[in-house]
Amino acid sequence: MKDRSDMKITIGHLYPDLLNLYGDRGNVACMVRRCLWRGIWAETVECGIGEPIDFSRFDIVLLGGGSDREQMIAGRNLKKARQQFCDYIEDHGVVIAVCGGYQLLGKYYQTKAGMIEGLGLLDIYTQQEEGRLIGNIVLDSELSDLPVVGFENHGGRTFLNGCRPFGRVLHGAGNDGRSGYEGVVYKNVIGTYLHGPLLPKNPRICDYLIEKALERKYGPVSLKKLDDRLEMAANEAVCRRFLKSWKSVMAVG
Ligand code: GLN
């Protein structure tokens with residue numbers, strides 16, 4: 001196993017000026033910090049509209065949320081690098097895609113104003129329905145031994161076509177407000193509606209992404225434990241507010 005000080009990850013933040021609803025940028029800061037606290041070097045490369053995107057440089061890719069309009073612009077731009085993005089995902093590249101970014105990974109997002117073409121990287125699709133699904137959300141996810149907490153705000157309802165969900169909804173709406181599931185997991189991709197930002201309040205998910213990125217690059221790793229008392233308190237505050245049987249969820253999880 002390599003020494004930590006030799007390890008380095010590069011985070012590609014796609015369209016940070018366009019897709020940055022509800023502090024998605026905080027997810028990047030969280031990943032960088034949790035690496036640096038462990039002596040793992042982490043750098044961020046921001047890619048704006050019109051700039052070429054070189055996926056071979058990246059260990060983690062972040063696509064944030066945006067309004068329908070911003071999403072359409074980002075999607076059109078990203079189409080040019082679609083094959084590279086696809087190869088990156090199939091080669092177990094790590095992706096965290098939030099809300100508008102999550103929808104863009106799918107085949108399409110049908111809105112009342114028209115169709116927003118997706119990248120078709122995952123076999124999922126989204127349809128706009130009456131009313132927005134807005135509020136705090138709590139999930140039970142296989143990827144975390146703590147409940148995953150966040151905030152959702154989306155008009156689109158996402159359908160998974162048999163793909164694996166990110167979590168089971170314990171409180172909130174999730175993918176479509178009916179299925180009881182939220183988000184998607186495919187290889188090392190997580191797509192989710194959870195803003196907040198997601199990672200500071202869900203340190204296990206942040207470490208999952210870092211670990212997968214390091215494993216892909218360097219082989220098996222074991223991440224040093226951090227003092228997560230503040231992160232756990234933030235997570236717990238949401239759970240206490242929205243889960244009546246919070247303790248029993250922890251026991252099962
Ligand atoms: N525009 C999309 C929707 O409303 C995504 C919104 C978002 O990223 N918050 O469904």
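Atoms within each ligand, like the ligands themselves, are counted from 1 in listed order.
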Quiz item: Does Asp59 come within less than 4.0 Å of Lys212, counting only side-chain N to carboxylate O?
Solution: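 Salt bridge between Asp59 and Lys212, a charged N being under 4.0 Å from a carboxylate O: no.
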Quiz item: Using a 4.0 angstrom limit on heavy atoms, which residues are close to ligand 1?
Solution: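 Contacting ligand 1 under 4.0 Å are Leu21, Gly65, Gly66, Ser67, Asp68, Gln71, Cys99, Gly100, Gln103, Tyr109, Arg132, Asn153, His154, Gly155, Gly156, His195.
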Quiz item: With distance as the sole criterion, is a donor-acceptor pair present between the side chains of Tyr186 and Asp123 under 3.5 Å?
Solution: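 No pair is found: no donor N or O on one side chain lies under 3.5 Å from an acceptor on the other.
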Quiz item: Will you find, in the side chains of Thr192 and Glu182, an N or O donor that is under 3.5 Å from an N or O acceptor?
Solution: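 Yes.
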Quiz prompt | Gap separating the CE atom of Met115 from the CD atom of Gln127, nearest 0.5 angstrom | solution =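 Reported value, rounded in 0.5 Å steps: 8.5 Å.
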Quiz item: Among all residues two or more places apart in sequence or in another chain, which pass the salt bridge (charged side-chain N to carboxylate O under 4.0 Å, His left out) test with Glu51?
Solution: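 Residues passing salt bridge (charged side-chain N to carboxylate O under 4.0 Å, His left out) with Glu51: none at all.
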Quiz item: Is the His154 ring parallel, tilted or perpendicular to the Tyr193 ring (thresholds 30°, 60°)?
Solution: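 Because their plane-to-plane angle is under 30°, the rings of His154 and Tyr193 count as parallel.
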